[in-house]
Amino acid sequence: MPSYRRTSALAAALAATVLITSGCTTVPDGSTPEGAPGARGSALVAVDALTVKGRAPRTGYEREQFGRSWVDVDGNGCGTRDDILKRDLADVRFQDGRCEVASGVLAHDPYTGNRVDYVRGRSKVDIDHVVALSDAWQKGAQKWDAEKRRRFANDPLNLLAVEASANRRKSDGDAATWLPPNKEYRCTYVAAQVAVKKKYGVWVTRGEQDAMRKVLGRCPDQRLP
């Protein structure tokens, strides 16, 4: 009997050593537990590098503070809105040859998981700022110069074609107040918010940071886009 105990203890110790040296963090069903530490370069690690401050007043915010809508920032002759439609839609057709998207299909809306048809002029597709302009304004952007705000508003990293109704429900919410109904997309969505805020130095509130950690704790290896 003592020999059996020693053998069992040795087997358990060896198994623990394998888990530790392999860097695996698992639960009995083989999944990664919520709250596991993120890998180097992950969105979860990047969350802790964001500045945490209180939300500033919305005073003075207007869409025009971020420049004229959908300018051609990359010099390709097309406005940013059409660039994002071309990037995110399938079966794209143009009404002017190469820029103005006349129709297309959002085959799998990231926010809802629904298929959404796009027709110019009566669209059910919006181009969303993943980090809303108003949210950015209250967390640092009101101190930026006009050019930085213009870049922020037209940066493809911060833009996404989505179902219009979901976008309007989001409004200017951050991760503490709104997440996509499509739970499968939440890790990607929050990682994108972290990437944008890291790139531009937009701060987060304590509640927002906690909400980001909670989402990314379920996918600790999620990379920044």
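Predicted model only: the values in this text are computed from it and were never measured.
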Worksheet item: Using the ring of each side chain (for Trp, its six-membered ring), is W70 parallel, tilted or perpendicular to H129, with breaks at 30° and 60°?
Response: parallel
Item to complete: Flag the pair Y200 / V131 as yes when at least one side-chain heavy-atom distance between them is below 4.5 Å, and no otherwise.
Response: no
Worksheet item: So does K198 have more than 12 non-hydrogen atoms from other groups sitting under 6.0 Å from NZ?
Response: no
Worksheet entry | Nearest-0.5 Å distance that lies between atom CZ in F94 and atom CD in E100 | 10.5 Å
Worksheet item: Short question: side chain of Q65, backbone of G60 - any donor-acceptor pair under 3.5 Å?
Response: yes
Item to complete: Of all the heavy-atom pairs spanning R58 and S134, show the shortest one and how long it is.
Response: NE-OG, 2.8 Å
Worksheet entry | side chain to side chain contact (heavy atoms under 4.5 Å, CB included) between T177 and E208, worked out | CA-CA 8 Å; T177 58; E208 180 184 5; over 6 Å; no
Practice prompt. Run the numbers on L133 and F152 for side chain to side chain contact (heavy atoms under 4.5 Å, CB included), then give the verdict.
Written response: CA-CA 8 Å; L133 301 185; F152 180 86; 3.7 Å; yes
Worksheet item: Between the side chain of D210 and the main-chain N/O of K214, is any donor-acceptor distance below 3.5 Å?
Response: no
Discussion item. If I take atom OG1 from residue T205 and atom CG from residue D174, how far apart are they, to the nearest 0.5 angstrom?
Written reply: 5.5 Å
Fill in: Least distance between heavy atoms, R98 atom then G77 atom
NH2-CA, 3.8 Å
Worksheet item: Under the disulfide bond (SG atoms under 2.5 Å apart) rule, what pairs show up with a residue in residues 55-164, not counting sequence neighbours?
Response: C78-C99
Discussion item. Test side chain to side chain contact (heavy atoms under 4.5 Å, CB included) on L50 and V194; report intermediate values, then the result.
Written reply: CA-CA 8 Å; L50 299 177; V194 173; 4.3 Å; yes
Worksheet entry | Nearest heavy atoms of A191 and L224, plus distance in Å | O-CD2, 3.6 Å
Fill in: V116-I84 co-clustered via ILVMFWY side chain contacts under 4.5 Å
yes
Practice prompt. Could you tell me whether a side-chain N or O of R149 sits under 3.5 Å from a main-chain N or O of A141, the two making a donor and an acceptor?
Written response: yes
Practice prompt. Report the C-alpha distance between N154 and V71 in whole Å, list the side-chain angles of each, state the deciding distance to 0.1 Å, and finish with yes or no for side chain to side chain contact (heavy atoms under 4.5 Å, CB included).
Written response: CA-CA 7 Å; N154 292 277; V71 294; 3.6 Å; yes
Worksheet item: Are D145 and K148 within salt-bridge range, i.e. N to O under 4.0 Å?
Response: no
Discussion item. Looking at E147, I want to see if its CD is surrounded by more than 12 non-hydrogen atoms of other residues, nucleotides or ligands under 6.0 Å.
Written reply: yes
Discussion item. What's the separation between atom CD in E62 and atom CH2 in W137, rounded to the nearest 0.5 Å?
Written reply: 9.0 Å
Worksheet item: Considering all heavy atoms of both residues, which atom of A161 and which atom of D88 are nearest to each other, and what is their separation?
Response: N-OD2, 2.9 Å
Worksheet item: Any side-chain heavy atom of R151 sitting closer than 4.5 Å to one from V73?
Response: no
Discussion item. Working to the nearest 0.5 angstrom, can you tell me the gap between D83 CG and D72 CG?
Written reply: 7.0 Å
Worksheet item: Hey, does the side chain of Q142 reach the backbone of Y61 with a donor-acceptor pair shorter than 3.5 angstrom?
Response: no
Worksheet item: Heavy-atom count around R87 CZ within 6.0 Å, excluding the residue itself: above 12?
Response: yes
Worksheet item: Taking side chain as C-beta onward, heavy atoms only, is P110 less than 4.5 Å from N182?
Response: no
Worksheet, complete the sentence: One should read off an interatomic distance between N167 CG and T112 OG1, to the nearest 0.5 angstrom, of 11.5 Å
Worksheet item: So if you build clusters from Ile, Leu, Val, Met, Phe, Trp, Tyr with side-chain heavy-atom gaps below 4.5 Å, do V52 and V47 land together?
Response: yes
Discussion item. Would you say that S42 contacts Q222 through its side chain, given a criterion of any heavy-atom pair below 4.5 Å between the two side chains?
Written reply: no
Fill in: Shortest non-hydrogen separation from A175 to M212 and the atoms involved
CB-CG, 3.9 Å
Worksheet, complete the sentence: So salt bridge (Lys or Arg N to Asp or Glu O under 4.0 Å) across residues 117-137, not counting sequence neighbours, yields R55-D135, D82-R120, R115-D117, D126-R168, D128-K170, D135-K139, D135-K197
Worksheet item: Is there a path from L85 to L159 through hydrophobic residues (I, L, V, M, F, W, Y) whose side chains come within less than 4.5 Å of each other?
Response: yes
Worksheet item: Of all heavy-atom pairs between L44 and P220, which one has the smallest distance, and what is that distance?
Response: CD2-CB, 3.9 Å
Item to complete: Measure the shortest side-chain to side-chain distance between V101 and K86 over non-hydrogen atoms and say whether it is less than 4.5 angstrom.
Response: yes
Worksheet item: Going only through I, L, V, M, F, W and Y residues with side-chain contacts under 4.5 Å, is there a path from V196 to V202?
Response: yes
Worksheet entry | Atom pair CG/OG1 of N158 and T80 - distance to nearest 0.5 Å | 11.5 Å
Item to complete: Please list all pairs passing the ring-ring contact (aromatic ring centres under 6.0 Å, His included) test where one or both residues lie in residues 160-185, with sequence neighbours left out.
Response: Y111-W178, W178-Y189
